[in-house]
Amino acid sequence: MRLRADWLNRVLNVPYVPILGPAHPDQFTAEMFTDVFADIVTASRTSTALPFDKDRRWSPRKTDTVLVDEIVHRPDHTIIPTLSRRGGGTIKTFYYGHAPNLNDLRAATRHCCATYGAANGRVVWFDTAEATDVDRTRVLLKEFTHDDQPDEPSGSPTVGELDDYEPETAATFSDFAHAMADHGFAYLHQRRNAGHHDGPVLVSQDNGVIVGAIGPLTIMPDRTGGRMLLPQYFGVLPEHRGGGHGRALWHAAQRWGARHHADYQLLQARVGAASDNLFLSEGLRSLGFTATVAA
């Protein structure tokens, strides 16, 4: 199916592409969306990750596919369902338009779950206004400059690369990763133990124990050749929050990105969460919101 740019122009308000995730706003015209979507459909037939897909760092294979036969494309809205085979399978129904009818979208998503054997269903839509009706995730843009090297105030926690720490300190990353499994660090720890080198991991420590981390740090060319710093796992143990570890880790990651000539980074953060507040206080640009409800 070829999407119509003139119809999409009316409903594309947040730069987010099904399967790929957030996009740089300069690469999110309706014409570009139709081209990228065509690439996604072609790649999904062979379960291949596109060269500019951020998940390619984990694997050249892709488990997400577009359910082309279920797409609804009309002048005032577009609905794109996708299927992920991870776990028990998940249908995500992406709605581009205004005032989504959640009852109808949930029903359609449940129908897709039954048809394609997926255990879970989600409805995702987009808005430029912050609202409190459901939990929302903010899409943010960080753009780098050549002098993007924030200095840390005196007394800030020290941050270094995990592999540079003494073995006794580095060994505590295992406990940290287990405690922060919901932030992705257990998965990252497993990959490191399996010999995968996905990029540096920066950590902060307290009395020889790792209490915060951000990584892996990886730069990938986007569809137009720009250098994007990929999103990282990022977290601080709850009992150590409020002590400057998160901001010190963030600054260290930004210094790394600047040194390695990144052009920009796209991030997502739950509205009102600590990372959301940090990113806004650091001057990141808010590009809008995604809202998600279970089907």
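Keep in mind the model is a prediction, meaning the values are calculated, not measured.
- No salt bridge links Asp222 with Lys54; every basic N to acidic carboxylate O contact stays at or beyond 4.0 Å.
- Residues Asn103 and Asn101 meet the side-chain proximity criterion, which asks for heavy atoms closer than 4.5 Å.
- Surrounding CZ of Arg270 are at most 12 heavy atoms belonging to other residues, nucleotides or ligands under 6.0 Å away.
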Candidate pair Thr48 and Arg61, rule side-chain contact (heavy atoms from CB on, under 4.5 Å), full reasoning: CA-CA 5 Å; Thr48 303; Arg61 308 295 292 172; 4.0 Å; yes
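- Asp263 places none of its side-chain heavy atoms less than 4.5 Å from the side chain of Glu143.
- Judged purely by distance below 3.5 Å, without hydrogens or angles, the side chains of Glu282 and His251 pair a donor atom with an acceptor atom.
- No single ILVMFWY cluster, assembled from side-chain heavy atoms under 4.5 Å apart, contains both Leu202 and Met180.
- Ring geometry, Phe126 versus Phe94: the interplanar angle falls under 30°, so the pair is classed parallel (tilted spans 30 to 60°).
- Between Trp58 and Tyr233, the angle of the ring planes stays under 30°, which puts this pair in the parallel group of the 30/60° scheme.
- Each of Phe173 and Val236 belongs to its own hydrophobic cluster when Ile, Leu, Val, Met, Phe, Trp and Tyr are linked at side-chain heavy-atom distances under 4.5 angstrom.
- The ring pair (Phe, Tyr, Trp, His ring centres under 6.0 Å) search around Phe289 returns none, not counting sequence neighbours.
- Closest heavy-atom contact between Pro157 and Gly243: CG-O, 3.6 Å.
- The two atoms that bring Ala49 and Ser59 nearest to each other are CB-O, 4.0 Å, heavy atoms only.
- The backbone N or O of Ala295 lies less than 3.5 Å from a partner atom in the side chain of Arg110, making a donor-acceptor pair.
- The structure places NZ of Lys62 at 8.5 Å from CG of Leu50, a figure rounded to the nearest 0.5 Å.
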Worked check of side-chain contact (heavy atoms from CB on, under 4.5 Å) between Phe28 and Asp26: CA-CA 6 Å; Phe28 199 69; Asp26 291 347; over 6 Å; no
Ile91 and Thr82: CA distance, side-chain angles, deciding distance, side-chain contact (heavy atoms from CB on, under 4.5 Å) verdict: CA-CA 6 Å; Ile91 298 288; Thr82 66; over 6 Å; no
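- Heavy-atom contacts from other residues, nucleotides or ligands closer than 6.0 Å to CD of Glu239 number more than 12.
- Put simply, the side chain of Arg191 does not reach to within 4.5 Å of the side chain of Pro216, judged on heavy atoms.
- In this structure, the side chain of Thr29 engages the main chain of Met32 through a donor-acceptor pair within 3.5 Å.
- No salt bridge links Asp198 with Arg192; every basic N to acidic carboxylate O contact stays at or beyond 4.0 Å.
- The two residues Gly235 and Leu249 come nearest to each other via the heavy atoms O-CD1, 4.3 Å.
- In summary, the side chains of His245 and Gln205 do not present any donor paired with an acceptor at a separation below 3.5 Å, with no hydrogens or angles considered.
- With values rounded to the nearest 0.5 angstrom, Asp39 atom CG is found 9.5 Å from Thr34 atom OG1.
- When hydrophobic clusters are built by joining Ile, Leu, Val, Met, Phe, Trp and Tyr residues whose side-chain heavy atoms come closer than 4.5 Å, directly or via intermediates, Leu141 is grouped together with Leu20.
- The hydrophobic clustering, which links ILVMFWY residues whose side-chain heavy atoms are closer than 4.5 Å, places Phe185 and Ile214 apart.
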Verdict with supporting geometry, Arg106 and Val293, side-chain contact (heavy atoms from CB on, under 4.5 Å): CA-CA 9 Å; Arg106 280 172 159 149; Val293 295; 3.5 Å; yes
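- Side-chain contact check for Leu188 versus Val201: some heavy-atom pair is nearer than 4.5 Å.
- With contacts defined as side-chain heavy-atom distances shorter than 4.5 Å, the pair Val211/Ser204 qualifies.
- In terms of heavy-atom proximity, Ala253 sits nearest to Leu217 at CB-CD2, 4.1 Å.
- Separation of the His77 and Tyr96 ring centroids does not fall under the 6.0 Å cut-off.
- The shortest distance between side-chain heavy atoms of Val159 and Val203 does not fall below 4.5 Å.
- In this structure a side-chain-to-backbone donor-acceptor pair under 3.5 Å is missing from Tyr165 to Glu168.
- Two residues are said to be in side-chain contact when any heavy atoms from C-beta on lie closer than 4.5 Å; Pro22 and Gln268 meet this criterion.
- Distance CD1/Ile40 to CZ/Arg45: 12.5 Å, rounded to 0.5 Å.
- The minimum heavy-atom distance linking Asp276 with Val271 is given by the pair OD2-CA, 3.4 Å.
- Arg86 and Thr63 are linked by a side-chain donor-acceptor pair at a separation below 3.5 angstrom, with hydrogens and angles left out of the test.
- Within a 6.0 Å radius of NE2 in His178, other residues, nucleotides and ligands contribute 12 heavy atoms or fewer.
- Between the side chains of Thr93 and Thr109, a donor-acceptor pair is found at a separation under 3.5 Å.
- With rounding to the nearest 0.5 Å, the separation of CG in Leu162 from CZ in Phe176 is 10.0 Å.
- A side-chain donor-acceptor contact under 3.5 Å links Ser281 and Arg247.
- Under the side-chain contact (heavy atoms from CB on, under 4.5 Å) test applied with Trp125, the options Leu105, Leu102, Thr290, Thr292 reduce to a single match, Leu102.
- Between Ser275 and Ala269, the shortest heavy-atom distance links the atoms OG-CB, 3.6 Å.
- In this structure, His73 contributes its side chain and Arg4 its backbone to a donor-acceptor pair below 3.5 Å.
- Taken to the nearest 0.5 Å, the CD1 atom of Ile210 stands 4.0 Å off from the OG1 atom of Thr172.
- For the atom pair Lys142 NZ and Tyr264 OH, the distance stands at 14.5 Å (nearest 0.5 Å).
- Ring-centre distance between Tyr16 and Phe33: not below the 6.0 Å cut-off.
- By the rule that hydrophobic residues join a cluster once side-chain heavy atoms approach within less than 4.5 Å of another member, Ile80 and Ile19 end up as members of one cluster.
- Side-chain atoms of Ser84 and Lys92, non-hydrogen and from C-beta on, never get closer than 4.5 Å to each other.
- Side-chain contact annotation: Gln265 with Gln232, donor-acceptor N/O pair under 3.5 Å present.
- Sparse packing is recorded around CZ of Arg74, with 12 or fewer heavy atoms of other residues, nucleotides or ligands lying under 6.0 Å away.
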Pair Arg85-Asp64, salt bridge (Lys or Arg N to Asp or Glu O under 4.0 Å): steps then yes or no: CA-CA 7 Å; Arg85 290 294 185 187; Asp64 301 72; over 6 Å; no
